[in-house]
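Everything below concerns the one structure shown next.
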Amino acid sequence: MTRTRSIFRCSECGATAPRWAGRCSTCGQWNTLAEEAELAAAVAYPATTQRAVLLAEVDGDAAAPRPTGVGEFDRVLGGGLVPGSVTLVGGEPGIGKSTLLLQAIIAMAGLGLRCLLVCAEESAQQVKRRAARLGPLPAGVWVVAETSLAGVLAAVDEVAPDVLVVDSIQTVFDPEVDSGPGSVTQVRACALTLVRVSKSQRLATILVGHVTKEGTLAGPRVLEHMVDTVLTFEGERHHALRLLRATKHRFGATGELGLFEMTDGGLRGVPDPSGLFLGDRRHGAAGSAVFPAMEGQRPLLTEIQALVAGSNLAMPRRSASGFDGGRLALLVAVLDERAGVDLSGRDVYVSVVGGVRVYEPGADLATALALASAAVSVALPTDLVACGEIGLAGELRQVSHTPRRLAEAARLGFRRALVPASAEAPNGPLEVVRASTLLEAVGLLQLRRPGNGAAGESGARPPAPAEWPRNRAPVEAGSIAAATTE
Ligand code: TYD
Ligand code: MG
């Protein structure tokens, strides 16, 4: 390792600066710059001995993903792990990263792969005890409790695995690197070596990286550009639900969501997530709307809840959980200006149930309806789903995959869908109701106080709906539950 000069690297975004500063000039985070010795480029990328080959003669199948045997993990990876690839799995401590990867290793060993687990944080005995909770242990799983990089490489040489898991990259260190264990320099240097070894030995490597909310550990973010795939494992530690997403994936799409439930016997894939999210829904409560979201290729029904409460704050609270705060402010303004729903002077809370995050603009309509419903204490019909984006003029815009969203809603027993007038949505299993503006939607659902018209419309009534909501069934507790069990 040749030391040339010192540079300062941000532990959040990985940007470098020639001098220390209190704030990273690239990402704006405070106190994230740490000194490191600049690695000579030759160390990072050794001279290669690869020859140019004809593309037509390259065996593409050699880079085909191999299933891990953990269904939800494979879904997120787009089929499985690619030999020679490096995957970073990030998440807060205690969320279940070690459990997930141990399960994946056991499943892959069951499929005949040689797997080596470097447990730099736990002893081999602790891993064994954990494995015992997860089921029978097949042959083909090696474990080494090692923190030095040289020890890890020696174990790789000895075992010659197909799959290497390093749990975690922050605890592995290289004594030759002039920096303390866990520092940005160490983490980067060790990861670079492991990336090189993976590529040259066609080893599928998974690195575990802890992320803390405070970002105090050398964040996995500095590794993101080095690896092929970045997965984040998240969820509330006090809830059983865990979500796995890809934020970067060189070999496939990043939109897929993997869903797990933490049980006494490890992580279980969740086969019917919509059912799970709607399981505890209270029927007939004001401030609740159901949005058929798309997570990658999978429709997922989520409940969006809103609460509007009197406020004695000079600046009333606008609080969003699982939903974008800026988007909430926009919806509150559009509701007020364009749909006659006045939320000024009141605290507003929006929460997406089940620890899910919904950042699609398609959730606008359901969120706005939940807010309007909470504002006037009138429940939305329990068998209704709503999807559509809301523009600043209060117009409703269609979102992608509307038919698939509605099909999932129908499968779960919903009977009606409120969609933008332009939406391509067949009147199939669901009765499709269309509205072209938020004002019209709020009027259709009778969510406005009498005489409380939108600005400039002085209480103008929305266009009379043809068939609906005259035949709207009264809100009946349990009507969806009954329909779902049919
Ligand atoms: P762990 O995989 O150690 O988290 P991480 O590696 O991300 O720090 O998971 C820790 C939590 O999971 C711990 O609170 C115990 C719980 N757990 C179960 O509920 N069931 C299980 O079968 C296992 C192995 C762990
Ligand atoms: Mg762990």
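This is a predicted model, so every value here is computed, not measured. When a ligand or atom number is given, it counts from 1 through the structure's own listing order. Heavy atoms only: backbone and side chains are in, while hydrogens, waters and symmetry mates are out.
Taking the charged nitrogens against the carboxylate oxygens, R327 and D364 do have a contact shorter than 4.0 Å, which makes a salt bridge. Taking a cutoff of 4.0 Å between a charged side-chain nitrogen and a carboxylate oxygen, D174 and R188 do not qualify as a salt bridge. In this structure, D383 pairs ionically with R416, as a charged nitrogen and a carboxylate oxygen lie closer than 4.0 Å. Remark: E256 does not engage R245 in a salt bridge, criterion side-chain N to carboxylate O under 4.0 Å.
Inspection of the environment of the Mg ion (ligand 2) yields the following protein N, O or S atoms under 2.8 Å: S98 OG.
In this structure, R282 places its CZ atom where only 12 or fewer heavy-atom neighbours from other residues, nucleotides or ligands lie under 6.0 Å away.
Contact residues of ligand 1 (protein heavy atom closer than 4.0 angstrom to a ligand atom; sorted by chain and number): E92, P93, G94, I95, G96, K97, S98, T99, R130, R133, M262, T263, D264, G265, G266.
Counting only distance, with no hydrogens or angles, the side chain of E360 and the backbone of M294 share a donor-acceptor pair below 3.5 Å. Judged purely by atom type and a 3.5 angstrom limit, K97 uses its side chain to pair as donor or acceptor with the backbone of E92.
Checking E303 against S288 by side-chain atom types alone, a donor-acceptor pair falls below 3.5 Å. When only modelled atom types and interatomic distance are considered, K248 and H225 share no side-chain donor-acceptor pair under 3.5 Å.
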